[in-house]
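For reference, the structure is listed below as structure tokens.
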Amino acid sequence: MGTQVGGPLLPASQVDAAVTTFLRSGPATNRWDEFDFDWSQADAGVLTDGQRSAVEFITIIEDHLPGYFALYDTHFPVDDTVDRNVFVHNRELYHFSIRWAQEEDNHARVLARYQVESGMTTPDPLRDSLAVEGQKKFAVTYADAVQFFTYPLVQEKATQLYYQNLRQVIDEPVLAHILNRLSRDEARHFTFFADMLQRYLVTYGDAVVDPIRAVIADFRMPLADTIRGYWRWALKIADTARYDHTDAYEYLIKVLNRAVDTQSDKVTELVNFISACRTITTS
Ligand SMILES: [Fe+2]
Ligand SMILES: [Fe+2]
């Protein structure tokens with residue numbers, strides 16, 4: 001049983017508009033799944049150790065979908081525990097979350113199948129090893145609804161950028177094809193969350209600045225707190241292809257700049273804060 005998260009909600013008509021734009025970006029003719037790949041070409045033998053390790057890592061992250069979906073199911077209940085107007089809002093959001101979940105589950109399935117078809121592992125050991133992390137709770141405790149759109153905005157963009165970077169160093173055709181597909185989906189997911197955040201800023205202005213700031217102040221990628229040896233693994237992954245979630249911050253800043261014509265001091269201060277949180281690079 002869920003408990004409705006606090007903080008202001010967008011009018012249901014605004015959620016509907018964002019959801020409609022999202023659904024239009026993924027029409028039936030563009031959908032894809034595991035049956036679209038020529039698995040006979042999959043060959044992990046041509047991957048480096050680091051590349052194989054990256055595939056294992058992203059499979060675990062994608063496979064945790066039940067935990068991510070539960071966040072929305074829990075914090076935006078679609079039942080009689082909430083007032084009618086909240087239900088109406090949550091019902092609109094559900095049109096997004098159910099499709100998004102289906103797409104993320106597809107990512108998990110395709111990556112797992114890749115591991116098997118390419119010879120990295122066999123189905124039963126893979127299922128068991130995914131269950132080790134899959135059973136751990138994905139605990140994200142935010143007090144404000146807007147934070148449930150801010151966090152995934154960063155996470156989806158960071159994931160998209162990582163898949164693109166990894167794609168650049170992969171010669172194996174099936175994995176390259178998969179990474180292209182994945183990064184395009186993550187880009188669409190990012191766009192939905194960016195649309196929602198922009199609408200929040202237009203509708204509520206300074207009132208949502210502190211909750212957004214809190215997400216960035218405390219940001220960690222999914223499962224960073226639960227995967228054993230996460231940080232060592234993340235560094236190893238970054239050796240293979242650039243992996244830095246703060247690369248996504250410039251996209252968040254763009255959303256902030258776009259949302260308001262004349263920036264208040266509070267929004268300006270938030271933009272400066274987010275800029276300061278970015279990893280300093282010399283390139
Ligand atoms: Fe995904
Ligand atoms: Fe995604």
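Both ligands and their constituent atoms are indexed starting at 1 by order of listing. Just so we're clear, the structure is a prediction, and the values are computed from it rather than from any experiment.
- Between Arg220 and Asp218 there is a salt bridge, since at least one side-chain N of the basic residue sits less than 4.0 Å from a carboxylate O of the acidic one.
- Protein N/O/S atoms closer than 2.8 Å to the Fe ion (ligand 1), listed by chain and residue number, are Glu62 OE1, Glu62 OE2, Glu104 OE1, His107 ND1, Glu186 OE2.
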Identify all side-chain donor-acceptor contacts of residues 135-143 below 3.5 Å with residues at least two apart in sequence or on another chain.
{"residue": "Lys136", "atom": "NZ", "partner": "Glu133", "partner atom": "OE1", "Å": "2.9"}
{"residue": "Lys136", "atom": "NZ", "partner": "Glu133", "partner atom": "OE2", "Å": "3.4"}
{"residue": "Lys136", "atom": "NZ", "partner": "Thr226", "partner atom": "O", "Å": "2.9"}

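- For Glu269, the salt bridge (Lys or Arg N to Asp or Glu O under 4.0 Å) criterion is met by Arg213, not counting sequence neighbours.
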Listed pairs under 3.5 Å, donor-acceptor, residues 228-236 side chains, sequence neighbours left out:
{"residue": "Trp233", "atom": "NE1", "partner": "Ser53", "partner atom": "OG", "Å": "2.7"}

Under the criterion ring-ring contact (aromatic ring centres under 6.0 Å, His included), I'd like the reasoning laid out for Tyr200 against Phe193: C-alpha separation, chi angles, the key distance, then a yes or no. CA-CA 10 Å; Tyr200 262 99; Phe193 292 114; over 10 Å; no
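- Of the N and O atoms on the side chains of Glu62 and Tyr68, not one donor lies less than 3.5 Å from an acceptor on the other residue.
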